[in-house]
Amino acid sequence: MTNYQKLTPPSQGHRITIAGDHLNVPDDPIIPFIEGDGTGRDIWRASRRVFDAAVQKAYQGRRRIEWFEVYAGEKAVEVYGNDTWLPEDTLTAIKEYVVAIKGPLTTPVGGGIRSLNVALRQVLNLYACVRPVRWFPGVPCPVKHPEKLNVIIFRENTEDVYAGIEWKEGTPEALKLLDFLKNTMGKNIRLDSGIGIKPISKTGTYQIVRKAIRWAISHHLTSVTLVHKGNIMKYTEGAFREWGYECAATEFGDKTISEERLWAEFDGKLPAGKILIQDRIADSMFQQVLLRPDEYQILCTPNLNGDYLSDACAAQVGGLGLAPGANISDFYAVFEATHGTAPKYADKDVINPGSVILSGAMMFDYLGWPEVMEAIHRGISGAIRNKRVTYDLHRQMDGATKLKSSEFAEEIIRNM
């Protein structure tokens, strides 16, 4: 048993273990959770009630979750002190127990960590940010046909500009790099520039494309679209495109077909049992998800494109309050809210807990407990259908009843 500095694991429950290419999930897995900052406290209380009720509904006591609180963000500083925003205890616990879930976290101001979310992804190599975006009937939306959008975004999570490699304008490091670029590489850049580096590797690209294609196979989907700006950034995002096609051809050649081959050999008609691998320029893709969203299933992107695109898609179907997310490596997974901490609403029991609840639904599907995911989806759909919702949805729905976070959780449970 691991010796933690400040944590005490549950006395009951068992660890999830990794066996070859799959997870072994006991009937009483120990799941670490990070409550989150700001509104995270209200959101987590509501979400946990929904999770426990959904497990009970699905399995009638045969299965249960043993929750294990670990710390990050403001609560970590309270518990550990010394400006400790992301304790080693927390990273160790997630590695030991494999799957975790978290609420929103504050980004420290002036601290050594640019973003706790980015730090978690990089330290644990959670290279895939997975965000399914779908519409729940009844949710107010700015588009005419929100039901046409049902995509899963696989966003590379550790590279691109999020690697955090940059230097402030005027610093010795920035001037040294500018001098090197001018005198060694022949690239003249204004001396009053801040400088950043955008790494995109073959390794990182293969990881995310492989994950996306495996998801398509396991969920019986028929297309994966590589989204990039390779017409301008030819050796980073353009390479992402080329490596994506290469990964599909070399590792999944019996299951995939490129868009070029589809038209050259099959007149645009997808052969049975094949997954189409295609690509789109990023700015064009923003039009496509508005005009023809039903033509796409999985979008696979470098880091920055995926950040923009996932929020833009979520806005079409009701916003981030109902947008789940997960950060996944080959096996380790941290499921999370996709919105911020909204501190002005903290401890007021008003915020929509839907993002964490739906992230939990993803988590249960990842554990191989799809019946729990289905119960949660039924509950949320019923609450929205009955127009009994939190203030963010209430203000957009005629004849709706405004509920607190805790009351919304109860409404979800009643509709399971």
Side-chain angles (χ1 to χ4, degrees), residues 1-37 40 43-45 47-52 54-56 58-59 62-73 75-76 79-80 84-105 116-130 157-158 211 324-337 356-370 372-373 376:
M1 181 62 69
T2 301
N3 291 319
Y4 295 103
Q5 182 184 356
K6 297 277 188 179
L7 299 179
T8 303
S11 58
Q12 296 182 308
H14 295 85
R15 290 173 48 203
I16 295 169
T17 57
I18 299 169
D21 62 353
H22 66 280
L23 298 180
N24 277 337
V25 181
D27 287 340
D28 56 351
I30 296 171
I31 303 290
F33 72 91
I34 297 168
E35 182 181 68
D37 296 326
I43 288 170
W44 177 251
R45 279 192 293 271
S47 299
R48 179 170 173 171
R49 289 168 66 190
V50 170
F51 298 153
D52 289 339
V55 172
Q56 174 62 27
Y59 302 123
R62 297 189 304 276
R63 289 177 172 173
R64 70 180 189 279
I65 299 293
E66 295 293 340
W67 300 105
F68 176 19
E69 184 170 15
V70 300
Y71 304 101
K75 199 166 185 180
V79 172
Y80 290 83
T84 304
W85 292 85
L86 183 58
E88 193 63 33
D89 269 2
T90 296
L91 299 173
T92 300
I94 294 173
K95 290 176 183 176
E96 181 171 1
Y97 294 98
V98 184
V99 174
I101 188 167
K102 60 176 280 296
L105 292 174
L116 287 168
N117 294 323
V118 171
L120 273 169
R121 296 164 191 167
Q122 291 179 341
V123 171
L124 296 169
N125 190 32
L126 302 172
Y127 59 79
C129 180
V130 183
N157 225 359
T158 62
K211 181 76 77 175
N327 300 294
I328 305 174
S329 69
D330 288 340
F331 294 105
Y332 298 122
V334 178
F335 296 82
E336 66 172 356
V356 169
I357 291 172
L358 288 169
S359 297
M362 286 181 69
M363 180 186 75
F364 287 112
D365 188 45
Y366 188 73
L367 295 178
W369 295 11
V372 183
M373 177 186 68
I376 292 171

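The residues of the chain are indexed from 1 along the displayed sequence.
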Side chain to side chain, [X] and [Y], heavy atoms closer than 4.5 Å:
X    : Y    : value
L23  : Y366 : yes
L91  : E88  : yes
N125 : Y332 : no
W67  : D52  : yes
V70  : D89  : no
D37  : P104 : no
T2   : Y97  : no

Could you give the distance from [atom1] ([X]) to [atom2] ([Y]), rounded to the nearest 0.5 Å?
X    : Y    : atom1 : atom2 : answer
E35  : R45  : CD    : CZ    : 6.5 Å
T84  : Y71  : OG1   : OH    : 14.0 Å
N327 : I94  : CG    : CD1   : 10.0 Å
I34  : E336 : CD1   : CD    : 9.5 Å

Shortest non-hydrogen contact from [X] to [Y]?
X    : Y    : value
Y127 : K211 : OH-CE, 3.5 Å
L124 : S329 : O-CB, 4.2 Å
V99  : M363 : CG1-CG, 3.7 Å
D365 : P370 : OD1-CB, 4.0 Å
A100 : I31  : CA-CG2, 4.2 Å
P324 : M362 : CB-SD, 3.8 Å

request  = I would like to know whether L367 and I16 meet side chain to side chain contact (heavy atoms under 4.5 Å, CB included); could you show each step before the answer?
outcome  = CA-CA 9 Å; L367 295 178; I16 295 169; 3.6 Å; yes
ask   = K102 and L120: side chain to side chain contact (heavy atoms under 4.5 Å, CB included), yes or no, with the steps?
value = CA-CA 11 Å; K102 60 176 280 296; L120 273 169; 3.9 Å; yes
task = Identify, with sequence neighbours excluded, every residue that meets salt bridge (Lys or Arg N to Asp or Glu O under 4.0 Å) alongside R15.
result =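 Salt bridge (Lys or Arg N to Asp or Glu O under 4.0 Å) check on R15 returns nothing, list empty.
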task = Using the side chain to side chain contact (heavy atoms under 4.5 Å, CB included) rule, take Y4 and E96 through it: C-alpha gap first, then chi angles, then the decisive distance, then the call.
result = CA-CA 11 Å; Y4 295 103; E96 181 171 1; 2.5 Å; yes
task = Check the side chains of D28 and Q12 for a donor-acceptor pair under 3.5 angstrom, ignoring hydrogens and angles.
result =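 No.
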query = So, Y59 and D27: side-chain donor and acceptor under 3.5 Å apart, yes or no?
reply =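 Absent: no donor and acceptor within the cut-off.
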message = Given 3.5 Å as the limit, does a donor-acceptor pair link the side chain of T90 with the main chain of L86, or not?
response =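 Here the side-chain-to-backbone pair does not exist.
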task = Give a yes or no on whether a salt bridge exists between E69 and R48, defined as a side-chain N under 4.0 angstrom from a carboxylate O.
result =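 Not counted as a salt bridge, because no side-chain N and carboxylate O are separated by less than 4.0 Å.
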key: side chain to side chain contact (heavy atoms under 4.5 Å, CB included) evaluation trace for F51 with F33   = CA-CA 12 Å; F51 298 153; F33 72 91; over 6 Å; no
